Number of protein chains: 2
Amino acid sequence: MSNVKKILIADDEPDILEIIQFNLQQEGYEVFTAKNGDEAIEMAKKHLPNLIILDIMMPGKNGIDVCNILRMQPIFKETLIVFLSALSDEGTEIRGLETGADDYLTKPISPKVLISKVNALFRRLNNEGGDLLQLGDLKIDREKYLINYQGSDIVLARKEFELLALLASKPGKVFLRNEILNQVWGTEVIVGDRTIDVHIRKIRQKLDLDCITTVKGVGYKFEL
Amino acid sequence: MSNVKKILIADDEPDILEIIQFNLQQEGYEVFTAKNGDEAIEMAKKHLPNLIILDIMMPGKNGIDVCNILRMQPIFKETLIVFLSALSDEGTEIRGLETGADDYLTKPISPKVLISKVNALFRRLNNEGGDLLQLGDLKIDREKYLINYQGSDIVLARKEFELLALLASKPGKVFLRNEILNQVWGTEVIVGDRTIDVHIRKIRQKLDLDCITTVKGVGYKFEL
DNA sequence: TCTGATATTATCAAATTGTTAACCACATGC
DNA sequence: GCATGTGGTTAACAATTTGATAATATCAGA
């Protein structure tokens, strides 16, 4: 996962949208916004955020609808989703959580508390990877930007490193080309598809270990 | 992680302790209780619960102290910790979350909501498995894009995989040719009917398992 | 048996990826 | 300022795989 976490906020009140956006940006997150449910789904598909904050009551599709729709797609299974609602109704809260949300927050909420909650959510998500991956003979140190295979260090360029680190973060999982582009290159930059191939090739070359498998028409995966 | 989740609740009010314990037990969790901070730490070490619910204000060590002490030990790094407090003070909540807690709940809280929250926390922790269908000897791993039959992996091309995954998603259900076209090929693309047959054939060939039944004039269905 | 539907096979077109070389931007050291 | 090296991207072409279709064979039910 790239360093900067992406957060999508969906709310029909521009003021709230702006306040939350500002505060989360201050905290170092990359923030996207949506004014309604449909826009939220569109933005989610486009930017593949790590966390989505959904207002429940929005014109058109409401937050719970959006959550349901997203959760049906495998690519959003891991995505953190929290509701942010003025409704402190017990039934709604339960329904929200059972839809597959990770938390249910009620308005009004102070920016500081919101940030604490967001940080807490990410803290746990991050822990799954850790800064040092060890996979058989292969060690990947994200902090020191170092690869070590069978005791000897291997120098990878930054993109190569990030690409390998991403794939290795979930061995076996197939990363779609889209996912890779979003995580390694970010949503801003647009690069061609061949670019990924070339980097994959370089990694395969430097690690003569045959650990990256092509899944044609889908993406790549890491496997020892 | 074992099947039955263990939960430790620490609160100095016996009534609350009992209500929560009862409700969580009803939900199928194994519940331990502690009446104060020291007891909480002792029970945590003894039973290694998956989730600890801590009251903030307790005689002796308060909840935040307990959280701090536990989080220092590697063995409790993965343990879910949530605070449950009558203090809705913003500063305390932030401090609690920054201590390394996963959530901060405020009393009074309805048992149903509490259970929803607890379930939500466990849901994410469990997700390590990813999404895979298991049908007898046949495993379909959508994340790893892999078919495994009786222990050996089978490689399917994308359309083949998607087609099989679709049929297998509802064993027994007959999928009309139209449905299949819509789900696998999308509404945009127009392909002939024979195309489906050919893909079905390839799947049948690769899995020598006879699991796809033709329903003449209607469609196909998956059955073991 | 006849007929409509599906299975099979071979074939071709299209899509996807691998590979190499070249290019540009940028930093470094002379 | 100027050569040099590195990293990242792209273009161009080769190699490969996949997907779709047509043609033919086969099957099941009326």
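The shown structure was predicted, so the numbers you read here are calculated from the model rather than taken from an experiment.
Heavy atoms of other residues, nucleotides or ligands lying less than 6.0 angstrom from CD of A:E143 number 12 at most. Within a 6.0 Å sphere centred on NZ of A:K35, other residues, nucleotides and ligands contribute 12 heavy atoms or fewer.
Residue B:T214 places at least one side-chain N or O under 4.0 Å from the OP1 or OP2 atom of C:dA7. Under 4.0 angstrom from either OP1 or OP2 of C:dT16 there lies no side-chain N or O belonging to A:Y220. Note on A:R201: a side-chain N or O is less than 4.0 Å away from OP1 or OP2 of C:dT20. When the side-chain nitrogen and oxygen atoms of A:R204 are compared with OP1 and OP2 of C:dG18, one or more of them lie within a distance under 4.0 Å. Contact annotation: B:T195 does not reach the phosphate of D:dG19 (side-chain N/O to OP1 or OP2, under 4.0 Å). In terms of phosphate contacts, B:H199 brings no side-chain nitrogen or oxygen within less than 4.0 Å of OP1 or OP2 of D:dT18. Taking side-chain N and O atoms only, B:W185 has no distance below 4.0 Å to OP1 or OP2 of D:dG19.
Residue A:K216 is in base contact, counting any heavy-atom pair closer than 4.0 Å across all strands shown.
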Inset, instruction - Evaluate the criterion side-chain hydrogen bond (donor to acceptor under 3.5 Å, both in side chains) for residue pair A:Y145 and A:E162; output intermediate values, then yes/no. - result: CA-CA 9 Å; A:Y145 257 69; A:E162 280 170 10; 2.9 Å; yes
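Going from atom CD1 of B:I196 over to atom C1' of C:dT8 covers 16 Å, rounded to whole Å. Rounded to whole Å, atom P of C:dT16 lies 17 Å from atom CD1 of A:I200. Rounded to whole Å, the distance from CD on A:E160 to C1' on D:dT9 is 13 Å. Taking atom CD1 on B:I190 and atom C1' on D:dG19, their separation rounds to 16 Å, with Å as the unit. A:R194 has its CZ atom 13 Å from the C1' atom of D:dA15, to the nearest Å. What separates CG of B:L164 from P of D:dG19 is a distance of 14 Å, to the nearest Å. When rounded to the nearest whole Å, the span between NZ of B:K206 and P of D:dT17 equals 11 Å. Rounding to whole angstrom units, CZ of residue A:R158 and P of D:dG8 are separated by 6 Å.
Between A:V198 and B:R177, the residue whose closest nucleotide on DNA chain C is further toward the 5' end is B:R177. If you find the closest nucleotide of DNA chain C to A:Q205 and to A:D197, the one lying nearer the 5' end belongs to A:D197.
Atoms OH and CD1, on A:Y149 and A:I154 in that order, are 8.0 Å from each other to the nearest 0.5 Å.
Of the charged side-chain nitrogens involved, at least one lies within less than 4.0 Å of a carboxylate oxygen, so that A:K107 and A:D11 count as a salt-bridged pair.
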